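All residue numbers refer to positions in the sequence shown, counting from 1. The structure presented is a predicted model; accordingly, all values stated were derived computationally and were not measured. Start at 1 and go down the list; that is how both ligands and their atoms are numbered.
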Amino acid sequence: MAHSAQRLGVAYRPSLFNSASSAGVLLSVAQVGLGLPLVLYAGYGALQGDEPNGVLLLAGTALLVSGAVSAFFRRRMRLPLRHLLLCWMGAVGVLCQAATGSQAVTFTFAWTPGLLALIAFAVVPAAQSVFYPLVFIPLALITLAVHPASNPADVAMSALLMLATGLGLTWFARSAVLAETDELTGIHNFAGFEQVLSAAMRDTAPTEPMSLVRLDINEFALINRRDGLAGGDAAMVAFVAGVCAALPGSATMARMEGDAFAILLPGHTAAQARRLLERVQASVVGFSAGIAAREGAESQSEFFGRAGKALFEAQRVGRGKVITHGGYYASPAAVRDGLRNGEFFLHFQPVVDLATGIAVGAEALVRWQHPTRGLVSPAEFIPLCESSGSIQVLGRWVVHESIAAAAEWRRRRRWDREPVSVSINASARELASVGYSDYVLGECAAVGFPPALVRIEVTETDFGTDSGDVRDNIRKLRAAGVRMSMDDFGTGHSSLSRLTEIDLDVIKIDRSFVSTIDAEHDSPVADLTIKMAMSLGLDVIAEGVETETQAQWLRDRGCQYAQGYLYSRPVPSDDFVEGVLNLRTSNRP
Ligand code: C2E
Ligand code: MG
Ligand code: MG
């Protein structure tokens with residue numbers, strides 16, 4: 001356990017005073033509390049007509065000054081500064097002991113290390129507070145013992161008392177560490193995480209980015225049943241080690257209970273947290289996650305709760321999903337307002353026949369011209385709409401507008417050519433909604449557009465959603481001639497056997513596999529996908545084709561269709577008709 005805790009690099013172990021300013025106030029009070037008696041004592045000596053003890057006077061004044069400075073900068077009292085001040089106080093205690101020799105007051109100073117241990121425990125991570133009694137108690141004892149006027153009986157008595165105090169405080173610190181640590185994995189438990197979260201929220205301005213992730217191992221109960229409790233424990237430890245290895249040093253991971261975890265990512269926006277999790281998912285498979293980005297002055301429990309809601313949503317839509325909580329910006333009401341105010345619009349990207357360079361269809365891609373955020377990419381707001389549920393309203397609007405646009409293309413086409421299809425992206429939540437297929441077919445019927453020219457694109461991970469409603473919708477759509485595309489193929493985890501089972505017509509190779517192709521480099525994944533699709537009798541569309549080299553490479557391997565900036569960026573419907581469809585001269589759109 002200790003081994004895993006060490007390897008996991010536990011970033012921050014909270015202490016009692018976990019916010020910078022409360023620790024700052026405590027340290028300031030402690031310095032003044034130590035400095036004031038020193039100055040008074042030295043002053044009293046002078047009043048009595050004795051020679052004033054210069055060291056005590058100087059040390060006391062310095063402590064008063066550093067106490068005042070600490071009070072002033074209390075909000076900046078981060079960890080290294082806390083250590084510095086503790087060491088400074090410890091050093092003053094030892095110095096005063098040395099300066100007073102074996103006077104009665106020396107024994108008072110001998111107590112400072114004990115006191116210091118207590119303050120240390122309150123202001124630095126519990127595990128590190130053990131350092132202070134371990135270093136300062138022996139140091140104080142040595143100072144006492146080596147003094148020429150020392151009395152061995154007094155030193156022995158002090159040693160015993162200090163040892164007892166030190167041991168007691170160390171035990172206290174250790175049990176506090178254990179109370180905040182998960183026994184099996186060595187990372188924080190729920191209580192520890194709460195401390196870290198409250199410290200992080202208090203120490204940073206609400207405007208600084210911070211994300212909270214909650215994740216759950218998929219079907220952990222199954223692992224336990226299959227491998228027994230010991231096997232389950234080993235899998236849990238391996239999982240935690242895998243995730244922690246992929247996290248940045250500033251992150252804190254904690255085990256909430258059973259197979260539920262939380263990760264705090266200071267300095268990360270929701271989009272950055274999402275990218276990070278996707279990288280983690282590439283090395284550690286089998287978890288669903290919910291992300292929430294801190295919003296304004298929300299409370300700790302609201303923040304934690306929103307990440308929990310996103311996780312719940314992720315688990316609802318299928319295994320291995322990562323969902324970002326929409327916060328308050330892509331709520332159903334906001335999306336409805338946006339639709340009413342005409343803030344959403346569609347762009348269309350041609351799908352091109354690689355052999356002829358002629359457009360055979362177009363994919364509808366939604367855009368949001370947000371009144372305060374400017375033009376927002378769907379990669380950012382679609383996940384938010386998915387988690388808030390507003391995707392249902394938006395998705396229906398996209399279906400309506402896309403089919404209306406495609407019907408319009410048919411009317412405006414100037415020269416005779418192959419019919420042009422329209423591809424519409426749908427998220428799992430839409431496909432799982434009762435009546436989705438009826439809505440799509442109803443829209444086709446309303447404008448007289450053949451369903452056979454509609455393609456519904458669903459990402460690979462969403463295809464895995466095993467719900468009866470999804471299957472019903474897909475069956476109905478295909479029965480009417482609509483073709484189903486698997487989007488972003490290669491980024492999910494479909495097994496080969498699964499591919500043969502699901503109702504599918506088209507595979508789209510994700511652009512991450514196409515972008516690696518150049519004069520020197522191949523793309524084994526793209527190559528394999530084309531071969532596999534051909535043997536399964538499916539169409540293949542390569543996404544993100546940007547160079548002629550990539551297009552030629554794909555053509556050579558028998559890929560039929562492509563999309564990408566080489567042919568056209570997504571453009572407004574009118575530009576698609578005039579600039580692509582009705583362009584007779586060029587071999588390319
Ligand atoms: P997608 O369906 O895989 O769409 C392809 C994305 O790749 C689009 O980004 C497109 O602009 C971009 N792209 C196309 N060709 C190239 C290229 O040559 N190079 C590069 N670098 N990128 C290229 P976009 O429009 O930002 O859409 C992002 C994702 O948002 C889409 O990925 C899709 O998953 C989702 N999305 C877009 N519109 C909708 C919608 O109406 N409903 C739903 N549910 N999702 C949508
Ligand atoms: Mg797509
Ligand atoms: Mg795609």
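- Counting only heavy atoms of the protein, atom 1 (P) of ligand 1 lies nearest to D487 OD2, 3.7 Å.
- Taking a distance limit of 4.0 Å, we find that atom 32 (O) of ligand 1 is approached by no protein heavy atom.
- Listed by number with element, the atoms of ligand 1 under 4.0 Å from a non-hydrogen atom of E430 are 44 (N).
- For the side chain to side chain contact (heavy atoms under 4.5 Å, CB included) with F489, the qualifying choice from I541, T529, V540 is T529, the only one to do so.
- Of all N/O/S atoms in E363, OE2 sits nearest the Mg ion (ligand 2).
- Checking only distances, E386 never comes within under 3.5 Å of ligand 1, N or O to N or O.
- Distance alone, capped at 3.5 Å, places no donor-acceptor pair between the R511 side chain and the E546 backbone.
- At a threshold of 4.5 Å between non-hydrogen side-chain atoms, the residues D503 and L477 do not count as touching.
- Of the protein's heavy atoms, E543 OE2, 3.8 Å lies nearest to atom 5 (C) of ligand 1.
- Neither the backbone nor the side chain of R569 comes within 4.0 Å of ligand 1, counting heavy atoms alone.
- When each of H347, K508, R455 is tested with E363 by the rule side chain to side chain donor-acceptor pair (under 3.5 Å), just one qualifies, namely K508.
- In terms of protein heavy-atom proximity, atom 20 (C) of ligand 1 is nearest to E546 OE2, 3.2 Å.
- Closest to atom 16 (C) of ligand 1 among all protein heavy atoms lies Y565 CE2, 3.2 Å.
- Side chains of E430 and S433: no donor on one and acceptor on the other come within 3.5 Å.
- Distances from atom 38 (N) of ligand 1 to the heavy atoms of V399, T459, L566, V366 put V366 nearest.
- A salt bridge is defined here as a Lys NZ or Arg NE, NH1 or NH2 lying under 4.0 Å from an Asp or Glu carboxylate O, and R275 with E278 fails to meet this definition.
- For the 3.5 Å distance criterion, the side chains of T204 and R294 qualify, holding a donor opposite an acceptor.
- Between W553 and D522 the shortest side-chain heavy-atom distance falls below 4.5 Å.
- Nearest non-hydrogen protein atom to atom 46 (C) of ligand 1 is N425 CB, 3.7 Å.
- Closest non-hydrogen pair, N218 versus F287, comes out as ND2-N, 3.4 Å.
- Residue N425 counts as close to the Mg ion (ligand 2), with an N, O or S atom under 2.8 Å.
- Nearest protein heavy-atom contact of atom 4 (O) of ligand 1 is L365 CD2, 3.6 Å.
- The existence of a salt bridge linking K476 and D472 is excluded, since no basic side-chain nitrogen approaches an acidic carboxylate oxygen closer than 4.0 Å.
- Looking at every heavy atom in both residues, Y567 comes nearest to A551 through OH-CB, 3.4 Å.
- Counting only heavy atoms, the protein never gets under 4.0 Å from atom 9 (O) of ligand 1.
- Within the listing of ligand 1, atoms 42 (N), 43 (C), 45 (N), 46 (C) sit less than 4.0 angstrom from a heavy atom of I382.
- A salt bridge links R412 with E408; the closest basic N to acidic carboxylate O contact falls under 4.0 Å.
- For atom 43 (C) of ligand 1, a protein non-hydrogen atom is found at a distance below 4.0 Å.
- The distance between the ring centers of F261 and F239 falls below 6.0 angstrom.
- With hydrogens and angles ignored, the 3.5 Å screen pairs a side-chain donor or acceptor of Q349 with a backbone N or O of S568.
- Its N, O or S atom nearest to the Mg ion (ligand 2) is what matters here, and for E457 that atom is OE1.
- At a heavy-atom cutoff of 4.0 Å, ligand 1 is contacted by no atom of K508, backbone or side chain.
- Short contacts between ligand 1 and V545, defined as distances under 4.0 Å to a heavy atom of the residue, involve ligand atoms 18 (O).
- Residue contact check: Q349 has heavy atoms under 4.0 Å from atoms 14 (C), 15 (N) of ligand 1.
- Residue V440 forms a side chain to side chain contact (heavy atoms under 4.5 Å, CB included) with just one option from N473, V399, I424, and that option is V399.
- Looking from atom 7 (O) of ligand 1 to the surrounding protein, the closest heavy atom is R511 NH1, 2.6 Å.
- Taking the Mg ion (ligand 2) as reference, D487 places its N/O/S atom OD2 nearest.
- Rounded to the nearest 10 degrees, the angle OD1 (D488) to the Mg ion (ligand 3) to OE2 (E543) equals 150°.
- At the shortest separation from atom 27 (O) of ligand 1 among protein heavy atoms lies P378 CG, 3.4 Å.
- Of the N or O atoms in Q563, none lie within a sub-3.5 Å distance of an N or O in ligand 1.
- Neither the backbone nor the side chain of H347 has a heavy atom within less than 4.0 Å of ligand 1.
- One side chain, R555 or Q552, offers a donor N or O that lies under 3.5 Å from an acceptor on the other.
- Listed by number with element, the atoms of ligand 1 under 4.0 angstrom from any heavy atom of S427 are 44 (N).
- Listed by atom number, the atoms of ligand 1 under 4.0 Å from G564 heavy atoms are 15 (N), 18 (O).
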